[in-house]
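Owing to the predicted nature of the structure, the values given are computational and were not obtained by experimental measurement. Note that ligands are numbered from 1 as they come in the structure, with each ligand's atoms numbered from 1 the same way. Here, residue 1 is the first one in the sequence, and each next residue gets the next number.
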Amino acid sequence: MKKADLRRQYLTTRKALSDTALAEYSQKICAHFFDQVWTDSRLTVHTFLPIARQNEMDTWLIVHRFWHDFPQVRLAVSITDADIYQLTHYELTPDTLLATNQWGIPEPIAEDSLAVKTSAIDLVLVPLLAFDRQGHRVGYGGGFYDRFLADCRPDCLKVGLSFVDSIEQIDAIEPTDIPLDVCVTPDSVVYFK
Ligand SMILES: Nc1nc2c(c(=O)[nH]1)N(C=O)[C@@H](CNc1ccc(C(=O)N[C@@H](CCC(=O)O)C(=O)O)cc1)CN2
Ligand SMILES: Nc1ncnc2c1ncn2[C@@H]1O[C@H](COP(=O)(O)OP(=O)(O)OP(=O)(O)O)[C@@H](O)[C@H]1O
């Protein structure tokens, strides 16, 4: 199936999720991530912060678990520059003030935050709408994560978080598409290599 069709279909599916289902799926994904994916050698972890109106995975559950149980881990989140399709990264602490951008994404305020270099990131939690058996993904179509992941260290672990199971195959994969290493769903953890 083509990316544009998948995007439409899975945006509709996700927007129809009840608050109860959203909370249950988010809790299951969070539990699988800590039980099966994260290891304590990964000290700088990048996450997205959820767009509430898009019913994205509630990554705040993961953030709070890190703050509470693993305070040695440095969390990083991005500011999105839509003009150049670039993400720049900053530390996220319990004291970080956030402002919501035009897409409903909570972002730190650059002047008040410590910058984090892409090369320092050990693990990235990747937002997606759908993924396939090879680890390819479909996002909102901006190519923000393709560019970001291309700049990450080769040993940086790319972890997709998905409410749905893998589909057979995403068509028309481009050379710029960076595959995931692993994807966590409410029911399973899928490794691609
Ligand atoms: N939480 C989160 N942060 C993220 C991403 C993401 O997918 N999730 N991104 C991943 O790359 C980047 C932002 N990408 C985006 C690209 C387009 C739209 C957008 O056009 N939103 C429309 C509605 C889209 C629709 O419903 O069809 C809007 O808000 O009006 C939003 C975010 C960086 N940060
Ligand atoms: N490293 C790159 N350099 C230049 N263009 C790129 C790069 N990566 C992706 N693109 C372009 O960005 C566009 C959107 O890519 P794609 O449809 O894969 O987005 P997506 O993965 O769904 O979105 P996102 O990464 O924002 O979640 C494509 O036209 C692609 O060619």
Side-chain angles (χ1 to χ4, degrees), residues 1-17 22 25-26 29-30 33 45-64 66 75-92 96 98-110 113 115-116 118-119 121 123-132 134-154 156 158-164 166-167 169-181 183-185 192:
M1 215 167 158
K2 294 219 181 73
K3 282 188 188 173
D5 297 328
L6 289 166
R7 200 168 277 133
R8 239 189 327 270
Q9 180 184 329
Y10 284 95
L11 270 171
T12 309
T13 311
R14 199 171 63 184
K15 279 189 182 159
L17 283 180
L22 187 71
Y25 290 172
S26 297
I29 290 170
C30 176
F33 171 72
V45 173
H46 183 283
T47 184
F48 60 97
L49 294 176
I51 306 174
R53 65 182 185 221
Q54 295 278 2
N55 275 1
E56 285 191 326
M57 153 82 195
D58 183 7
T59 51
W60 282 112
L61 298 175
I62 294 179
V63 167
H64 284 285
F66 271 122
L75 294 181
V77 294
S78 294
I79 293 181
T80 302
D81 187 334
D83 294 333
I84 52 168
Y85 298 100
Q86 287 283 345
L87 304 179
T88 43
H89 323 300
Y90 298 89
E91 271 188 31
L92 178 71
T96 304
L98 299 166
T100 302
N101 73 11
Q102 75 263 36
W103 293 322
I105 305 172
E107 294 185 332
I109 295 156
S113 306
V116 175
T118 306
S119 61
I121 297 171
L123 185 153
V124 180
L125 297 173
V126 183
L128 54 84
L129 285 159
F131 70 104
D132 71 11
Q134 287 71 46
H136 291 121
R137 58 178 275 282
V138 179
Y140 292 128
F144 289 95
Y145 270 78
D146 293 328
R147 288 174 179 82
F148 168 31
L149 297 175
D151 288 342
C152 289
R153 292 198 323 266
C156 172
K158 301 175 281 297
V159 183
L161 304 182
S162 176
F163 288 154
V164 291
S166 75
I167 58 165
Q169 191 183 325
I170 298 169
D171 292 337
I173 291 300
E174 300 162 276
T176 48
D177 282 314
I178 309 281
L180 301 165
D181 296 311
C183 193
V184 186
T185 77
F192 303 106

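Heavy atoms of Tyr85 found under 4.0 angstrom from ligand 2: none, in either backbone or side chain.
Between the Asp146 side chain and the Asp177 main chain, no donor and acceptor come within less than 3.5 Å of each other. Put simply, the side chain of Thr59 gets close to the backbone of Phe48: a donor and an acceptor are under 3.5 Å apart. The closest donor-acceptor contact from the side chain of Arg7 to the backbone of Gly139 lies under 3.5 Å. In this structure a side-chain-to-backbone donor-acceptor pair under 3.5 Å is missing from Glu107 to Asn101.
Counting only heavy atoms of the protein, atom 25 (O) of ligand 2 lies nearest to Tyr145 N, 2.9 Å. Closest protein heavy atom to atom 2 (C) of ligand 2: Arg147 CG, 3.6 Å. Among all protein heavy atoms, the one lying closest to atom 30 (C) of ligand 2 is Glu174 OE2, 3.6 Å.
The option with the heavy atom closest to atom 21 (O) of ligand 2, from among Arg7, Arg137, His136, is Arg137. Looking at Pro175, Ala4, Gly143, it is Gly143 that brings a heavy atom closest to atom 23 (O) of ligand 2. Summarising the contacts of atom 13 (C) of ligand 2 with Ala130, Ala172, Gly141, Gly139, the nearest heavy atom is found in Gly141.
In the displayed structure, Tyr25 atom OH is contacted under 6.0 Å by at most 12 heavy atoms of other residues, nucleotides or ligands.
Less than 4.0 angstrom separates some heavy atom of Phe144 from each of these atoms of ligand 2: 24 (P), 25 (O), 26 (O). Annotation for ligand 2: atoms under 4.0 Å from non-hydrogen atoms of Asp177 are 18 (O).
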For this session: Would you please test Asp5 and Lys2 for salt bridge (charged side-chain N to carboxylate O under 4.0 Å, His left out) and show each step?
Result: CA-CA 5 Å; Asp5 297 328; Lys2 294 219 181 73; 5.5 Å; no

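Taking the salt bridge (Lys or Arg N to Asp or Glu O under 4.0 Å) definition, one finds that Asp171 meets it with nothing, sequence neighbours left out. Among residues two or more places apart in sequence or in another chain, the ring pair (Phe, Tyr, Trp, His ring centres under 6.0 Å) test is passed with Phe192 by none. Considering only residues two or more places apart in sequence or on other chains, Tyr145 meets the ring pair (Phe, Tyr, Trp, His ring centres under 6.0 Å) condition with Phe148.
Met1 CE to Gln169 CD: the interatomic distance, rounded to the nearest 0.5 Å, is 13.0 Å.
Contact annotation: Ala150 has no heavy atom less than 4.0 Å from any atom of ligand 2.
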Any protein N or O within less than 3.5 Å of an N or O in ligand 1? List each pair with its distance, or say none.
residue	atom	partner	partner atom	Å
ligand 1	1 (N)	Leu49	O	2.7
ligand 1	1 (N)	Glu56	OE1	2.6
ligand 1	8 (N)	Glu56	OE1	3.3
ligand 1	8 (N)	Glu56	OE2	2.9
ligand 1	26 (O)	Lys15	NZ	3.4
ligand 1	26 (O)	Gln54	NE2	3.3
ligand 1	29 (O)	Arg53	NH2	2.9

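If you run side chain to side chain contact (heavy atoms under 4.5 Å, CB included) between Leu180 and each of Leu128, Val124, Leu161, only Leu128 comes through.
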